[in-house]
Amino acid sequence: MNFEIQKRALSRVIRDDLDALIVVWPSQTALTASEKDPLSVLVRQAIHTGDLELKVGAVLVMYGQTGIKARHVAVVCSQDNTPVQIRSAMGAAWNALKASKAKNLGVYMAGEWNASCVDAAASALAEASYSYTTTLSKPQHRTLKQVKFSAAEVNSEMRTALAQTQALNAGVELAKEWANRPANHATPTMLAQAAKALAKGPSFKCEVLGPKEVAQLGMGAFMAVAQGAAEPLRFIVMRYNGAASAQPPVVLVGKGITFDTGGISMKPAAEMDEMKYDMSGAASVLGVFKALSELKPTINVVGLIPATENMPDGLAIKPGDVVTSMSGQTIEILNTDAEGRLVLCDALTYAERFKPQAVIDIATLTGACVIALGGVRSGLFTSDEELALQLQQSGDRSGDLCWRMPMDDQYAEGLKTRFADVANVAGRAAGSVTAAKFLQRFTSKYPWAHLDIAGTAWKSGAAKGATGRPVALLMHYLLAKAKAPARVVRRA
Ligand code: BES
Ligand code: MN
Ligand code: ZN
């Protein structure tokens with residue numbers, strides 16, 4: 001999907017040769033508009049008669065109007081034009097126009113718009129027009145090809161934002177694609193192939209380790225999860241070098257459980273299919289690399305993906321088994337369903353070799369995080385104030401929100417055991433925090449943050465599917481870093 005933006009009056013836009021046109025109309029504009037073009041006249045009339053309600057997402061659809069060249073027109077109310085309102089208005093407008101199968105869409109932005117509004121509109125449109133096709137015999141591909149945004153005033157920030165959003169959307173959609181694929185179409189080997197395919201350009205590299213290499217590294221916790229699976233594990237190392245090689249990279253670590261049965265501590269049957277999404281963290285790392293390949297910012301980024309299935313088997317780990325992680329710490333596996341932290345802890349130790357400026361892991365880690373925050377905000381866990389602020393701001397700016405959770409050491413009490421250095425689970429209380437406290441034991445060498453995306457990476461129910469989160473949050477974070485001068489003094 002290609003986006004364009006132009007400064008044009010509505011009276012011009014209605015003469016454009018378009019399959020469909022969306023007019024985003026804030027309440028204020030509706031009251032003061034004095035334009036005489038046929039569309040403005042119709043809208044004022046519709047507001048007057050109450051046929052277009054002045055509330056966010058209210059849509060008026062028109063067809064074949066004289067004086068308007070686009071066959072299908074949707075006028076949608078965006079109230080005060082906040083990014084959140086624009087997001088839901090665009091979604092509603094596209095849903096009303098979906099049946100038109102438009103290829104060539106115009107969007108007229110009435111009232112005051114800024115760069116964040118443009119970003120919200122373009123990402124909402126991509127979201128609403130996305131459809132999963134890979135495993136369907138008669139897929140309905142997206143028809144929408146070209147979107148032309150117009151407004152009375154267009155500045156350079158709006159143009160930059162639109163180009164950036166277009167690249168981010170490509171990343172978000174790649175993340176959705178991999179997360180949506182069923183586990184037999186997204187094995188660790190296939191994820192590794194996808195990573196290799198992404199790492200084609202001159203600034204990219206990708207290395208894939210298999211069971212032998214992972215054993216040599218001593219990744220005993222990662223191997224323990226994989227030992228019950230027939231599909232071989234993969235440890236994927238992606239590199240993007242957009243800045244001087246002396247500049248320490250940001251390392252992203254994505255949980256890549258391609259299917260989580262729970263292992264011997266098996267999950268109940270209901271909705272177990274949703275555990276195909278347990279590699280959404282990995283998918284978000286792939287999505288970030290896709291967006292990096294389009295935007296090429298001046299920053300160095302490493303992506304690490306420990307990928308395996310979590311299966312019950314004669315060879316699978318058993319509750320009570322003690323394994324030795326790459327860090328040397330021993331772990332008592334009290335629950336084989338707490339496997340995410342086991343694959344992540346070894347990846348976090350591996351991350352040390354890059355002497356990173358920051359490490360962020362992204363994982364569908366706990367059901368407890370879904371209970372705490374639902375699908376609105378991802379859980380953010382870190383003891384680093386600067387990183388916390390940067391990630392929170394990136395979430396706010398991209399609309400891909402997160403919420404900081406506590407990290408007090410008292411939360412780690414429950415992880416104590418007589419039989420190893422640490423247990424892989426504590427009690428039910430504060431389950432998302434105790435999981436983060438487990439991970440924190442492996443991150444002493446660098447500033448670190450953990451994003452629990454168990455609630456935000458996909459939706460269940462009727463709209464079941466991957467969301468592509470938190471690619472937008474991560475990209476906003478990386479792009480802000482690429483613009484800011486590199487930090488000279490690195491913390492120990
Ligand atoms: N992949 C799950 C977490 C999950 C649950 C994600 C529901 C999305 C929706 C993870 O591996 C898991 O099973 N966690 C356990 C941890 C528990 C055993 C301490 C959980 O949350 O129940
Ligand atoms: Mn699990
Ligand atoms: Zn899991």
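We count residues from 1, following the sequence as given. Whatever order the structure lists them in is the order used to number ligands and atoms, beginning at 1.
- Which of G263, G262, G367 comes nearest to atom 22 (O) of ligand 1 through a heavy atom is settled by distance: it is G367.
- Contact of the M407 side chain with the T382 side chain is not registered, since no non-hydrogen atoms from C-beta on lie closer than 4.5 Å.
- Not a single heavy atom of R428 sits under 4.0 Å from any atom of ligand 1.
- Ion pairing of D337 with K267 is present here, as a side-chain N (NZ or NE/NH1/NH2) and a carboxylate O approach within less than 4.0 Å.
- Remark: K176 qualifies as a cation-pi partner of Y130 under the 6.0 Å distance and 45° angle criteria applied to the six-membered ring.
- For the Mn ion (ligand 2), the N/O/S atoms of D278 include none lying under 2.8 Å.
- At a heavy-atom distance under 4.0 Å, only side-chain atoms of W458, from C-beta outward, approach ligand 1.
- Ligand 1 lies within reach of K255, whose nearest heavy atom is under 4.0 Å from it.
- Per residue D260, closest N, O or S atom to the Zn ion (ligand 3): atom name OD2.
- At a 4.0 Å heavy-atom cut-off, ligand 1 does not touch N310 at all.
- Residues Y350 and F235 place their aromatic rings such that the two centres sit under 6.0 Å apart.
- Atom 15 (C) of ligand 1 has D337 O, 4.0 Å as its closest protein atom, hydrogens excluded (heavy atom only).
- The contact set between ligand 1 and A454, taken as ligand atoms under 4.0 Å from a residue heavy atom, comprises 6 (C), 8 (C).
- Using modelled atom types and a 3.5 Å distance limit, the side chains of Q440 and K437 yield a donor-acceptor pair.
- Considering L365, D278, V425, T366 only, the shortest heavy-atom separation from atom 10 (C) of ligand 1 involves L365.
- Checked against the Mn ion (ligand 2), the N, O or S atom of E339 at the shortest distance is OE1.
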